[in-house]
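In what follows, a single structure is set out as structure tokens and then discussed.
So you know, we letter chains A, B, ... as the sequences are listed, proteins then strands, and number each from 1.
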Amino acid sequence: MATWDLSVTVEDLGPDAPPLKVSVTSDLHIGGVFLKVVEKTQLKKDWSDHALWWEQKQQWLLRTNWTLDKCGVHADARLIFTQQHKPVRLGLPNGATLKMRACFSSPVFRTVMGICRILNIRRPEELSLLRPVEEKKKKKDKDSLEEVYDITHLPLSTGSGQILCNGMPAHFAESPKTEDAYKMLSVSQPSPPPEAMAKIYRPASVVDKTHIHSRWLDSSRSLMQQGMKENDKLSMRFKYYTFHDVDPKYDAVRLTQLYEQARWAILLEDIDCTEEEMMLFGALQYHIGKLSLSQDAVSSSQGMDDLESALKSLEVKMVGESNSTDMLDNMTAPELTDYLKIFRPKKLTLKGYKQFWCKFQNTSICYYKSKEDRYGEPIQQLELKGCEVAPEVNVAGQKFCIKLLIPAPEGMNEIYLRCENETQYSQWMAACKLASKGLTLLDSSYQSEVKNIQSFLTMQRSNSAAASAQTDESINTHSLVSPRYHKKYKPKQLTPRILEAYQNVAQLSLTSAMLKFLQIWQALPDFGISYFMVRFKGSRKDEVLGIANNRLIRIDLGVGDVVKTWRYNNMRQWNVNWDIKQVAIEFDGNINIAFSCVNADCKVVHEYIGGYIFMSTRSREQSDTLNEELFHKLTGGHDAL
Amino acid sequence: MDDIDAMFSDMLQEMDLLTQSLGTEAESLPQHNPPSIPAPQEMNFSIGFADFNASLHDLEDNDLDALMADLVADISATEEKFATEREVPKGTAPVPPPPVQPLSNYSLLTFTDTPKPTTSSTSITAPPPPPSFKPSKEDLEEQMKADKIKLALEKLKEAKVKKLVVKVELIDGSSKTLMVDERQTVRDVMDNLFEKTHCDCNIDWCVCETNPDLQTERGFEDHENLVDPLSTWTRDSENKVLFKERKHKYEVFRNPQIFYLWKKDKKSIMDMKEKDKEQLLEENFCGPSVIVPDLEGVLFLKEDGKKSWKQRYFLLRASGLYYSPKGKTKASQDLVCLVQFDNVNVYLCKEYKNKYKAPTDHCFMLKHPQIQKESQYIKYFCCDDGWIMTLWVTGIRIAKYGKQLYDNYKDAAKKATASTTWATRIIQASPSSSSSSTPSPTPKVKATNGHASQPSDENKGHDKQASFPPPPPSTDFLPPPPPAPMVPAPPSPAPIATKSNKFPPPPQFPQSFLPPPPMDDLPLPPPPPEELELPPDFLPPPPPSFASHRAEALPPPPPDPVAFIPPPPPAPQNSVSVGGAPPPPPPPLPPAAVKPTGSVRKVAPPPPKRTTPQLAAPSGGDFMSELMTAMQKKRP
């Protein structure tokens with residue numbers, strides 16, 4: 001058989017090196033080509049990760065037992081001998097950038113699996129990769145200046161084994177650098193300063209929200225095929241909003257990143273919520289941020305191994321302090337007593353606060369004219385069980401009031417307690433809060449409740465005292481809510497509102513707080529809807545199609561209303577006409593819809609729908625192995641298989 | 001009858017004191033005790049009665065019986081707790097009404113209260129003034145009753161648990177009176193009611209409260225505690241507790257599409273396949289967070305104590321009820337939160353067209369449960385039609401209770417199916433056995449009870465096993481199966497001994513004590529294994545209950561058996577006599593019930609939830625049987 005020269009560029013020889021000419025015959029298989037190329041370079045190194053990339057055809061020659069003939073390679077082919085795994089700068093849901101190696105030769109679906117295996121994220125099918133935002137949207141040009149966590153040297157074969165070392169997967173524990181990277185992955189990041197947040201791109205409308213979908217990479221093709229280059233920036237995000245089997249025990253990284261993605265979705269107004277919901281999200285963020293910090297401090301000083309014990313001793317300390325000893329000493333319930341100012345707003349009166357001797361016992365407050373009268377009948381006893389407690393605080397103005405709404409058969413009694421200072425306030429406030437839930441001062445959460453309130457007040461103080469001098473410890477409440485509320489409220493207005501919401505979550509552990517955040521996020525009406533700009537067949541205007549995990553919704557852009565909803569379980573079939581780029585779906589009852597996509601590739605829509613159907617098959621089969629074939633079958637369209 | 005009334009009032013009073021004193025020291029109680037004189041006017045805690053006197057008059061014999069059964073059961077339960085340490089009440093019991101004794105008891109009580117030993121040494125009702133007593137004199141009987149009641153009261157006090165006597169009205173206008181303790185959930189109470197009424201136990205049954213002032217009605221959710229909301233009623237309240245079917249209670253789980261796909265056309269909603277319904281439920285209730293139906297639309301709102309109804313466009317979200325202000329869009333950030341659901345409940349309002357000039361009569365309100373009268377803090381809503389109202393009311397319940405609602409439903413559904421199967425079985429098994437007061441239907445009822453009573457799933461399983469196997473033949477029933485005497489035997493003697501020792505005053509009935517032990521052995525039946533598992537809830541079918549009791553009660557009450565044996569006939573008779581009134585719960589196994597609870601308690605020290613209801617059900621406890629016999633004699 002005739003021999004001919006095959007031109008192969010070997011990247012390892014340097015960018016300017018001329019292509020090697022390898023003489024081959026058409027029946028030489030690809031593996032043989034590898035050999036010849038390697039021989040010719042005369043370089044001693046590990047070539048095992050290399051493969052041939054056929055530039056003109058934009059495809060990899062990965063089947064080493066196929067002959068050149070079978071692959072269709074002829075003398076005019078320009079092949080490149082290159083590594084299959086190349087470093088990329090991976091943008092994570094938490095905004096950090098991680099430099100790591102990813103597979104450029106396998107379908108993106110599998111590439112993501114590989115990345116997730118290294119990062120220790122379970123359920124990789126829920127994530128996918130996005131192209132970076134185009135520069136004009138200036139997502140952040142400074143990204144390059146940002147700290148980049150580099151874990152490119154981690155072996156690719158790293159398994160996802162649950163072997164833990166220093167509280168992290170063994171492969172992360174090998175150097176301080178990788179430990180840092182793992183910490184970044186598994187611990188929530190501090191809130192960004194509001195100024196920075198304001199500069200980040202935010203979608204202003206549903207139409208804006210459709211743009212992101214033009215960026216998803218095709219799961220069935222490789223990175224190389226989709227034009228990605230070594231060291232390119234990619235974003236990894238949870239793509240399918242159906243999170244299977246989240247288990248804090250195994251999902252440290254997954255849970256954290258999920259939380260981060262949710263949090264940014266809220267902060268950047270990617271998903272709308274009401275003011276009340278925003279305050280709760282803010283409170284949870286504050287709480288999570290605080291807990292993450294303290295966890296960080298503990299672990300850095302003592303090492304992750306000691307974390308457990310440290311936490312435990314902390315716990316003991318707090319419980320012990322609270323009053324277990326007192327409890328033993330005297331079996332009587334502890335009480336709070338002090339002079340407080342009480343004010344009961346009434347119609348047509350302008351009476352102000354009047355001072356009384358107050359005694360907090362069990363779940364009620366008794367007040368007396370003075371301390372001397374305390375053994376007599378109280379002027380009144382306020383039973384706080386079931387009441388509403390709201391803070392009325394202005395640190396700058398030294399106003400520390402507790403507003404109580406005490407239910408009575410005739411309605412609610414409104415009563416204000418005014419405290420002298422922060423300490424007094426936090427004690428009484430904590431007591432009121434517990435009492436409203438039917439708990440007494442004896443409850444072990446009392447002391448921590450007091451501390452929580454104090455720390456929150458501290459935060460407010462630093463805000464109002466020196467808004468300009470932001471220290472690291474002081475968190476600006478503005479960084480807990482989306483920019484919309486930066487405009488609407490000043491930090492000092494925001495603080496009491498967040499504080500109010502905070503009281504309901506202050507007792508949560510770090511993990512439960514994150515789960516709670518996710519829960520509320522998932523309960524938002526617009527949760528999990530991905531928007532696509534489409535044009536329905538027979539329609540002349542652009543409309544928006546929302547894809548969720550169980551349904552498709554059609555949204556009229558003019559009104560912004562949902563016009564129609566189709567559920568997947570009524571869906572008979574869907575397919576894509578690749579020639580005219582049209583998706584056609586048939587539902588039960590002879591309902592047919594067809595649409596073309598305006599700004600995203602219709603492959604993305606197709607993949608989304610198929611992906612959700614794939615996700616829904618998971619719950620039934622318990623097996624942990626991912627049915628990759630099924631995924632591609634459902635998402636690939638005809639050209640994929 | 002007067003006597004009984006007196007007793008009753010006395011008892012109520014005691015309970016009142018008890019409840020009131022919950023917060024305070026136990027010591028205060030003794031002073032008030034002098035049980036001899038009823039002070040009816042003061043009784044506030046009998047729920048469902050306009051005033052105390054009324055309540056007394058209202059009480060029919062049946063009610064009294066039933067209540068007594070409850071009481072006794074409760075008492076025996078509490079007694080169990082203290083049995084180990086206690087001597088007491090029994091001695092007092094027999095003796096007429098010596099006021100002094102009670103005092104002593106009380107003092108005891110105060111001491112005993114704190115420890116609340118969970119031990120299930122069921123010394124229960126050792127006192128059982130045996131059948132021998134039967135003496136025909138009415139006076140005697142009355143006295144006995146009185147004594148027993150007092151005893152019961154004393155024992156009640158021992159448990160610091162808040163208990164309410166609740167009169168529950170049925171649709172037919174009749175009523176049942178039962179005692180509810182603060183740890184009982186509505187589900188428990190319903191199980192109890194199933195037992196006492198002959199209704200099928202379908203999932204639509206519901207305990208509701210009505211407020212005539214506000215013209216409202218609210219169905220309690222199965223997981224709520226009944227005592228809490230009732231405690232917030234004012235003393236002069238005319239509120240009532242109803243037991244009835246409400247078809248919307250769990251409609252959302254039968255036809256989720258109506259709520260979740262409410263925007264769809266009627267036809268596709270009606271044609272929904274079961275499979276799709278299930279999927280809807282799965283999507284909305286089984287995820288990490290419960291999805292609230294995306295309700296939105298115009299409702300009329302009346303708030304801030306104003307008189308006018310204003311139209312607003314409302315949207316329901318998991319975080320609360322919002323409206324979109326005029327001129328704004330429906331975008332989330334523009335919504336105004338009218339109310340969040342943490343502190344309010346949703347109530348249905350009746351005839352508001354008249355009362356408040358509402359546009360329609362389909363109104364509901366959101367208010368804090370403690371608000372009982374018109375107030376600016378109540379928010380009233382008016383819907384175009386009943387259907388829309390159901391959507392909103394249900395949607396709000398889902399937002400407020402979340403997954404709990406679904407769990408309640410699953411629980412109820414399980415029980416409903418279980419009860420049907422049971423009923424048939426039981427009927428066959430032990431037709432006559434039911435000594436329950438309820439007349440003809442009894443068997444059925446009990447059967448249902450058994451099921452219903454079982455609160456937790458596990459229980460069910462157990463119950464079945466337990467009840468079936470043991471309860472052998474129908475007739476045999478009265479004379480409890482002789483078999484497993486051994487089990488009970490050992491424990492029985494011990495308790496007895498202690499009791500006798502302690503009793504200083506056990507004047508008349510010493511004999512009774514003695515006899516019991518042997519008797520006990522005999523009756524003590526069977527199935528030990530089941531006992532363990534049997535949850536306290538287990539009220540039900542008399543025969544089974546017996547078995548279960550014994551088993552559980554192992555330690556138990558020798559006395560009970562004794563009582564039983566002698567009065568075998570009485571039980572049935574009782575039923576007859578009582579028969580007139582449907583409600584009377586079977587006097588039966590109070591102790592048994594107690595015991596189970598006792599076992600439960602081990603887990604949680606406090607008295608068993610179910611005690612009351614169960615007590616009523618099955619076999620005659622000592623008290624009960626005695627009581628019954630007495631009554632029979634009374635009305636020969």
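Of the atoms belonging to A:Tyr485, it is side-chain heavy atoms, and not backbone ones, that fall under 4.5 Å from chain B. Residue contact with chain B, scored on non-hydrogen atoms closer than 4.5 Å, is absent for A:Lys516. At a 4.5 Å heavy-atom cutoff, the contact between B:Leu261 and chain A is made by side-chain atoms alone. For B:Gln333, the parts lying under 4.5 angstrom from a heavy atom of chain A are both the backbone and the side chain. Neither the backbone nor the side chain of A:Leu518 comes within contact range of chain B, judged by heavy atoms closer than 4.5 Å. For chain A, no part of B:Lys275 is nearby; none of its heavy atoms comes within less than 4.5 Å. Heavy atoms of B:Lys330 lying under 4.5 Å from chain A belong exclusively to its side chain. With a 4.5 angstrom heavy-atom cutoff, B:Glu374 touches chain A only via backbone atoms. When heavy atoms are compared at a cutoff of 4.5 Å, A:Asn504 does not approach chain B at all. If you measure heavy-atom distances from B:Lys264 to chain A, the contacts under 4.5 Å come from the side chain alone. With a 4.5 Å cut-off on non-hydrogen atoms, A:Ala408 touches chain B through its backbone but not through its side chain. Neither the backbone nor the side chain of B:Asp294 comes within contact range of chain A; no heavy atom of the residue lies under 4.5 Å from a heavy atom of that chain.
Interface remark: of the candidates B:Ala318, B:Pro288, B:Gly287, B:Pro288 forms the most heavy-atom pairs closer than 4.5 Å to chain A. In terms of heavy-atom pairs under 4.5 angstrom with chain B, the leader among A:Gln519, A:Glu410, A:Lys564 is A:Gln519. Of the listed residues B:Ala331, B:Ser289, B:Ser375, the one with more heavy-atom pairs under 4.5 angstrom with chain A than any other is B:Ser289. Heavy-atom pairs under 4.5 Å with chain B were tallied for A:Glu388, A:Lys488, A:Glu269, A:Glu275; the largest tally goes to A:Glu388.
The two atoms that bring B:Cys286 and B:Tyr406 nearest to each other are SG-CE2, 3.9 Å, heavy atoms only. The two residues B:Trp262 and B:Ile269 have their closest heavy-atom pair at CA-CD1, 4.3 Å.
Aromatic ring orientation, A:Phe517 versus A:Phe281: tilted (interplanar angle from 30° to 60°).
Side-chain N or O atoms of B:Gln340 include none that pairs as donor or acceptor with a backbone N or O of B:Asp342 at under 3.5 Å. Proximity of a side-chain donor or acceptor of A:His478 to a complementary backbone N or O of A:Tyr489 within less than 3.5 Å is detected.
Checking B:Gln257 against B:Asp276 by side-chain atom types alone, no donor-acceptor pair falls below 3.5 Å. Side-chain contact, B:Ser332 with B:Arg317: a donor N or O sits under 3.5 Å from an acceptor N or O.
The pair A:Arg572-A:Asp588 meets the salt-bridge criterion, since a charged nitrogen lies less than 4.0 angstrom from a carboxylate oxygen.
Cation-pi geometry between B:Lys400 and B:Phe341 is not met at under 6.0 angstrom from the ring centre and within 45 degrees of the axis.
Between A:Leu405 atom CG and A:Asn413 atom CG the span is 9.0 Å, to the nearest 0.5 Å.
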